[in-house]
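Just so we're clear, the structure is a prediction, and the values are computed from it rather than from any experiment. The analysis underlying the following values was restricted to heavy atoms, covering all of them including side chains, and did not include hydrogens, waters or symmetry mates. Naming: A, B, ... by sequence-line order, numbering from 1 per chain.
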Amino acid sequence: MPQARTPVSITTPIYYVNDRPHIGHAYTTTLCDVWARAQRLDGRDVFFLTGTDEHGAKVEKSARERGITPQALADENSEEFRKVMALFGLSNDDFIRTTEARHESQVKLFVQRLLVSGDIYLGEFEGWYDEGQEEYVTDTRAKELDYKSPISGKPLVRAKEHNYYFKLSAYASKLEAFFDAHPEFVRPLGRFNEVRGRLREGLQDVPVTRTNFSWGIGMPGAPEHVIYVWIDALFNYATALGLAEPSGAVARARGKYWPPEYHVIGKEILWFHAVVWPAMLMALEIPMPKCVYAHSFWISNGQKMSKSLGNFIDLPTIEAYFAKYGLDAWRWYMTTQGPIGTQDADFSPKHFHEIYTAQLVNTFANCASRTSSMIEKYFAGAMPDAETASMPISAAVGASTWSAFTEATAADVQKRYANFELAEAADAALSVIRAVDLLINETQPFKLAKDPANLPQVARILGVCAEGVRIAAVLLLPIMPTKCSEVLAAYGSPMESEMATGGVAEAARWGRLAAGTRISKCAPFMRVDAPAV
RNA sequence: GCCGAUGUAGCUCAGCUGGUUUAGAGCGCUGGAUUCAUAACCCGGAGGUCGGCGGUUCGAGUCCGCCCAUCGGCACCA
């Protein structure tokens, strides 16, 4: 049960500035946005965090190639990601960058604490080193290569270096116990089992510093060692809330948002989030996040996305969808058709178009349109005055009443949003629309209206329809904020921001649409031409 | 190679601990009905060896074995 006013938070990974924004970033962030909006709509205090990861050898290298400083490259690309947030209408409450002073200073404090506690120690690493590539290769890989560099053909050499390590191995049994006690810590279940299985195989300590590049946060007391980007990056979730300085101003204001309900990530970074990060939090005695949700990947027209195939769904491609179908249609597709489970999902122009037409045009928009149109025609555009709450939703025996049905549906939708079952929430919300359509088909108000004696009956039917459309629009606001606001405006209802105070139950309460309210014709999604291919 | 999933109508998938007789839904396709609505809504149809083979059982998409295909994980990779 969502305890009314408990503060909640959600995070995306911070995006690596060496990448260009693409559908993967857009997807993760959109899911978080939908969740965050749903919680706000329910009257909760929400903190939605995203940002950029800006250190590391790759950024250093790219900057060198372009002849600019790493910071300049990071500034440029971080800005690019920020623009994307705006373009997608994302409602994040903060945008953290790992090159910001507020982050760096706290990472040092955290690492310092781990040094003192002995969870981070100076160790020695020895392995096969490729001098030409300046990198180590694993023992098994070295053997495969016959101990020669795959690039230069020169022999690999045995090399040693000092690194700081995090004592991950010391947390193996604690982690196992934690996983056993929290079967929903990693979702979906398939991912949980994957991690749980690997945990059983034992853990090795992980290096937390590097010495072969310098673009990063220096190790306290040993600046020649640079904190490994992964460790640096994970801390963003805590530094944004000021957790390294518990008595500081930031922590006093934002500490209430810890622990997050969800760290939403892609499956490729599950190990760090589900094992390394929790162990670090244990070492720092910080409470665990509630859930690490690892979604899968979008594939494109049945094939893995790759630059060489040219089927990458990049920003320009996405913007073309915005132009044709609109932002909200894009959000609907992301939310309802995405790879939120263990399986990858296919993105194709044809599928996008079918979903748009079937669900948004033919179902949602058509229902809003036929209802508003009849009210216009038969009641001069004013919400009819009639008792509707006790009306059964259909002629079927044992059918529940409209007020009971929508109350239960609203509760179900909200529960599913909260539980990160976003597609299920969407479908449940749409069930109200389907019920309205069914009612119209069963009662045929357009036929009854031909005889003025039937007007009271028509009033009752259309009153139900209008209230149903309004409630569905409320429930779909988190996914389609712009279009649903349009529908609500046409149905004379308050905007999203005004209705959050009483939570979803109040916003979706039957009967809020007062008799006499001006209702204007409304068609939120228009039919568009099918894609060429 | 090792470990783990998945494989059901054109597509995406439901089918819990085996047995309501002709295996379901949505979309797509197709015939009809209808007009309040954006050729939409509504009704009907279209017949898929339930990946393959073998087994357990009175009886198996539903249990067991083997095989095939696809996918994921195998740690320092953002």
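- Looking at heavy-atom distances under 4.0 Å, A:L203 makes contact with a base.
- Residue A:A233 is classed as having no contact, given no heavy-atom separation below 4.0 Å to the nucleic acid.
- Residue A:R191 contributes atom CZ, which lies 10 Å from atom C1' of B:A5 at whole-angstrom precision.
- Put simply, CG on A:D437 is 14 Å from P on B:G26, counting in whole angstrom units.
- Side-chain proximity of A:N441 to B:C42, B:U35, B:G72: nearest is B:C42.
- Contact annotation: A:R198 does not reach the phosphate of B:C3 (side-chain N/O to OP1 or OP2, under 4.0 Å).
- Rounded to whole Å, the P atom of B:U57 lies 16 Å from the corresponding atom of B:C64.
- The nearest heavy atom of RNA chain B to A:Q337 and to A:D344 marks one nucleotide each, and the one closer to the 5' end goes with A:Q337.
- Residue contacts shown for A:P524 include a base, since a base heavy atom lies under 4.0 Å away.
- A distance of about 14 Å separates the P atoms of B:G54 and B:U62, rounded to the whole Å.
- Surrounding CD of A:E79 are more than 12 heavy atoms belonging to other residues, nucleotides or ligands, all under 6.0 Å away.
- When the side-chain hydrogen bond (donor to acceptor under 3.5 Å, both in side chains) test is applied to A:Y171, the partners found at least two apart in sequence or on another chain are A:D119.
- Using a 4.0 Å heavy-atom cutoff across all strands shown, A:F272 reaches at least one base atom of the nucleic acid.
- A:D412 pairs by the side-chain hydrogen bond (donor to acceptor under 3.5 Å, both in side chains) definition with A:R416, not counting sequence neighbours.
- The gap from the C1' atom of B:G15 to that of B:G24 amounts to 7 Å, rounded to the nearest Å.
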Please table the atom pairs, donor to acceptor, closer than 3.5 Å between any side-chain atom in residues 422-431 of chain A and protein atoms at least two apart or in another chain.
{"from": "A:D427", "atom 1": "OD1", "to": "A:R434", "atom 2": "NH2", "distance (Å)": "3.1"}
{"from": "A:S431", "atom 1": "OG", "to": "A:A428", "atom 2": "O", "distance (Å)": "2.5"}

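- Taking 3.5 Å as the limit, the base of B:C76 and the side chain of A:Q204 contain a donor-acceptor pair of atoms between them.
- Of the two residues contacting RNA chain B, namely A:F525 and A:I355, the nearest-nucleotide position lying further toward the 5' end is that of A:I355.
- At a threshold of 4.0 angstrom between heavy atoms, the contacts of A:N362 are confined to the sugar-phosphate backbone, with no base atom among them.
- A:R210 places its CZ atom 6 Å from the C1' atom of B:C76, with the value rounded to the nearest Å.
- Between the side chains of A:R97 and A:N236, no donor-acceptor pair is found at a separation under 3.5 Å.
- Among the protein residues, A:G266 comes within range of no part of the nucleic acid, since none of its heavy atoms lies under 4.0 Å from any strand.
- Annotation: B:G47 and B:C2 have their C1' atoms spaced 43 Å apart (nearest Å).
- No contact: A:N18 has no heavy atom under 4.0 Å from any strand.
- As judged by a 4.0 angstrom heavy-atom cut-off over every strand, A:S373 is placed among residues touching the sugar-phosphate backbone only.
- Straight-line distance from the CZ atom of A:R370 to the P atom of B:A39: 13 Å, rounded to whole Å.
- A cation-pi contact, defined as under 6.0 Å to the ring centre and within 45° of the axis, is absent between A:R470 and A:Y491.
- The gap from the P atom of B:A5 to that of B:A9 amounts to 22 Å, rounded to the nearest Å.
- Rounded to whole Å, the separation between the C1' atoms of B:C68 and B:G28 comes to 30 Å.
- Comparing the P positions of B:G26 and B:A33 gives an interatomic distance of 22 Å, to the nearest angstrom.
- No engagement by A:P445 is indicated, since no non-hydrogen atom pair under 4.0 Å with the nucleic acid exists.
- A:E176 meets the side-chain hydrogen bond (donor to acceptor under 3.5 Å, both in side chains) test with A:R196; sequence neighbours excluded.
- The side chain of A:W271 sits closest to B:A75 out of B:A75, B:C76, B:U34.
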query: Can you give the dot-bracket line for RNA chain B, where a pair is Watson-Crick or G-U wobble with both atom distances under 3.5 Å, crossing pairs use [ ], and | marks a partner on another strand?
result: (((((((..((((.....[....)))).((((.........)))).....(((((..]....))))))))))))....
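- In this structure, the side chain to side chain contact (heavy atoms under 4.5 Å, CB included) partners of A:K447, at least two apart in sequence or on a different chain, are A:Q444.
- Between the side chains of A:H55 and A:Y228, no donor-acceptor pair is found at a separation under 3.5 Å.
- With P as the reference atom, B:A25 and B:G48 are 15 Å apart, rounded to whole Å.
- Atom C1' of nucleotide B:C13 and atom NE2 of A:H351 are separated by 11 Å, given to the nearest angstrom.
- Base orientation for B:G61: syn, the chi torsion being within 90° of 0.
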